[in-house]
Amino acid sequence: MSERHWRKSSYSVEGSNCLFVGVGKRDAIVLRESEHPEVLLSTTRAPLRAFIRAAKAGQFDHVADA
């Protein structure tokens, strides 16, 4: 795996359960979680922006109740 510069989310506290963001090939955005750093999620800006907006609007709040 190539070296990638990771940036930790400002909402992550010290310790476990931290979200890291990096840049992939062809302007892809790559996400990983500190407990499983070998698992990478890749997306692009538009879908990530839509996901963040939906999460902020509470569209996924019901998932925690499942």
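None of these values were measured; they are calculated from a predicted model. In what follows, residues are counted from 1 in the order of the sequence shown. These numbers come from the heavy atoms of this one structure, side chains and all, not from hydrogens, waters or symmetry mates.
- Linking ILVMFWY residues whenever their side-chain heavy atoms come closer than 4.5 Å, directly or via other members, leaves Val39 and Val30 in distinct clusters.
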Please step through side chain to side chain contact (heavy atoms under 4.5 Å, CB included) for the pair Ser9 and Phe20, ending with a clear verdict.
-> CA-CA 6 Å; Ser9 168; Phe20 291 87; over 6 Å; no

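- Leu48 pairs by the side chain to side chain contact (heavy atoms under 4.5 Å, CB included) definition with Ile29, Leu31, Thr43, Ile52, not counting sequence neighbours.
- The list of ring pair (Phe, Tyr, Trp, His ring centres under 6.0 Å) pairs with a residue in residues 35-59, not counting sequence neighbours, reads Phe51-Phe60.
- For the atom pair SG of Cys18 and CZ of Arg32, the computed distance is 10.0 Å after rounding to the nearest 0.5 Å.
- The side chain to side chain contact (heavy atoms under 4.5 Å, CB included) search around Arg26 returns none, not counting sequence neighbours.
- Applying the side chain to side chain contact (heavy atoms under 4.5 Å, CB included) rule to Thr44 yields the partners Pro47; only residues at least two apart in sequence or on another chain are considered.
- Shortest non-hydrogen contact noted between Leu40 and Trp6 is CD2-CH2, 3.8 Å.
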